[in-house]
There are 2 protein chains.
Amino acid sequence: MEALFQQIKAIYPISKEAEKSLAEICSEVSFKKGTDVQPIGHTCKTIYFVKKGCVRIYYFKDANDITESFEFENAFVARAESLFTGKPSRKAIQAIEDTVLIAIDSNKLFKLFDSYHDLERLFRKIIEAAYVNTVNRIESLQFNTADERYFNLLKDHTNILKRVPLKFIASYLGITQVSLSRIRAHK
Amino acid sequence: MEALFQQIKAIYPISKEAEKSLAEICSEVSFKKGTDVQPIGHTCKTIYFVKKGCVRIYYFKDANDITESFEFENAFVARAESLFTGKPSRKAIQAIEDTVLIAIDSNKLFKLFDSYHDLERLFRKIIEAAYVNTVNRIESLQFNTADERYFNLLKDHTNILKRVPLKFIASYLGITQVSLSRIRAHK
DNA sequence: GGAAGTATTTAACATATGATAAATAATCAC
DNA sequence: GTGATTATTTATCATATGTTAAATACTTCC
């Protein structure tokens, strides 16, 4: 759990008491490569923190497996569109490598916000950062070409190719695997 | 300012005191159709609420004017990637119609969060909703075809065609105006 | 109300990406 | 280690969207 609190400190330090209460609603969970952390159709009630390994959020569109996002060490993961609306998610979370996550019970977390203002602020800052990321991603999907998106991804995640299969990267970029292969072939 | 507090009540009701303090950092501002509310290059320090009219956020990519988003009555508008990072924005906010906005000073707002926990919670919920919207938009840009995106937009914003020029809608959808014209001509 | 400017459509051609299928290459399981 | 499975590339052809340019249609403003 150390890694989580380390990360929190870097975002917005919280009181010892808040830390203690937060620790009580966290638990460590492990997943083998390729297994689902949360299945499709499940209402998201957990916020995860990646301690080791990496995960993706994915869903199916017309029987095609689409990767919505990746997360690596020290990142938070949740299916926002379910967590914040209470509706079941059409998306799943899957371990791409053998992965260790810290699971935070979101209902309990939201209750803690009443007692610990600083915890809510921390969480607000986490959401703000996630929001900024999605806004930037929209910009990239809206008018960058597929190969601009590919090379930008490599720039931001230097070693993503060593950890994530290309088929996941292709759908993440909004293209087919064949198309990605062409781009890589320097086409 | 009534409309703003009406809207707030629907999201997360706040105390009278918080309302009063919030009102003190709000001011009403008007813009003629076509004018910039905030220019490119400016660091975003204001959160707007649309009282009347509509606005868009736009930027230039290779000298092409790209509309990132629209907002209509009772919505909040800000350039998140600048507001939450403190960096200057490459984007501008522009009035699409004659528009009346309520401007909220963001620095003062963030200070008020220390005194009014409920105000911060309200704001958190507003960001959460905005975040969910962008996540859904990514999904749509990632793998929907241009005409799926167009018809979904019409479904969600029934009268957008009466209020927003097609050239803005085209770039919002991630396509050229010519391409949108073809889709409308029933392909 | 007419001229000037702006928005939208249409046409013709170019290009990036999709779809399908087959060939390699890499990984996994026993 | 070997066969089976999975991932990636390559090839071919189809199609959606981009680009440029010109034709209409619509607004705006004096």
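Here is how names work: the chains are called A, B, and so on, in the same order as the sequence lines, proteins then strands, and each is numbered from 1.
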J.: If I take atom NZ in residue Lys162(A) and atom P in nucleotide dT27(C), what distance separates them, rounded to the nearest angstrom?
T.: 14 Å

J.: Calculate the interatomic distance between Arg182(A) atom CZ and dT9(D) atom P; express it in whole Å.
T.: 12 Å

J.: Using whole Å, report how far CG of Leu141(B) lies from C1' of dA16(D).
T.: 16 Å

J.: Need one value for Gly34(A): base, sugar-phosphate or nothing, where a base atom within 4.0 Å counts as base even if backbone is also close, heavy atoms only.
T.: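 Touches nothing.
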
J.: Where the side chain of Gln177(B) is defined as all heavy atoms beyond and including C-beta, which of dT8(C), dT10(C), dA19(C) is the nearest nucleotide?
T.: dT8(C)

J.: Please state whether the rings of Phe60(B) and Tyr58(B) are parallel, tilted or perpendicular, taking 30° and 60° as the class boundaries.
T.: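 Aromatic pair Phe60(B)/Tyr58(B) classed perpendicular.
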
J.: Atom OH of Tyr150(A) and atom C1' of dT17(C): how far apart are they, to the nearest Å?
T.: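 Those two atoms, OH and C1', are 17 Å apart.
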
J.: How close or far is atom C1' of dT6(C) from atom CD1 of Ile96(B), stated in whole angstroms?
T.: 16 Å

J.: Rounding to an integer number of Å, can you tell me how far Lys32(B) NZ sits from dT28(D) C1'?
T.: 13 Å

J.: Do Asp105(B) side-chain atoms and Lys108(B) backbone N/O form a donor-acceptor pair below 3.5 Å?
T.: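 Flag set: sc Asp105(B) to bb Lys108(B) pair under 3.5 Å.
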
J.: Report the residue (Leu166(B) or Ile175(A)) whose heavy-atom-nearest nucleotide on DNA chain C is the more 5′ of the two.
T.: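 Residue closer to the 5' terminus by nearest nucleotide: Leu166(B).
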
J.: Please report the closest heavy-atom contact between Asp118(A) and Ser15(A), naming both atoms and the distance.
T.: OD2-N, 2.8 Å

J.: Please state whether the phosphate of dG18(D), meaning OP1 or OP2, lies under 4.0 angstrom from any side-chain nitrogen or oxygen of Thr176(B).
T.: yes

J.: Which listed nucleotide (dA7(C), dT17(C), dT17(D)) is nearest to the side chain of Lys167(B)?
T.: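 Comparing dA7(C), dT17(C), dT17(D) against the side chain of Lys167(B), the answer is dA7(C).
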
J.: Looking only at the side chain of Val178(A) (C-beta and beyond, no hydrogens), which of the listed nucleotides dT28(D), dA19(C), dT10(C) gets closest?
T.: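 My answer, after comparing the listed nucleotides, is dA19(C).
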
J.: I want to check one thing: is the phosphate of dT9(D), taken as OP1 and OP2, less than 4.0 Å away from some side-chain N or O of Arg184(A)?
T.: yes

J.: Parallel, tilted or perpendicular, judged at 30° and 60°: which one describes the rings of Tyr172(A) and Phe70(A)?
T.: tilted

J.: Return the nearest nucleotide to the side chain of Pro165(A); candidates are dA7(D), dG18(D), dT12(D).
T.: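 Closest of the options to the side chain of Pro165(A): dA7(D).
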
J.: Closer to the 5' end of DNA chain D via nearest nucleotide, is it Ser181(A) or Lys33(B)?
T.: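 It is Ser181(A) whose nearest nucleotide is closer to the 5' end.
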
J.: With side-chain contact (heavy atoms from CB on, under 4.5 Å) as the test, pick out the partner of Arg149(A) among Ile169(A), Asn144(A), Ile183(A).
T.: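 With Arg149(A) as partner, Ile169(A), Asn144(A), Ile183(A) yield a single side-chain contact (heavy atoms from CB on, under 4.5 Å), made by Asn144(A).
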
J.: Can you tell me how far P of dT8(C) sits from CG of Asp65(B), to the nearest Å?
T.: 13 Å

J.: Please report the distance, rounded to the nearest Å, between CG in Leu180(A) and C1' in dT8(D).
T.: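 In whole Å, dT8(D) C1' and Leu180(A) CG are 10 Å from each other.
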
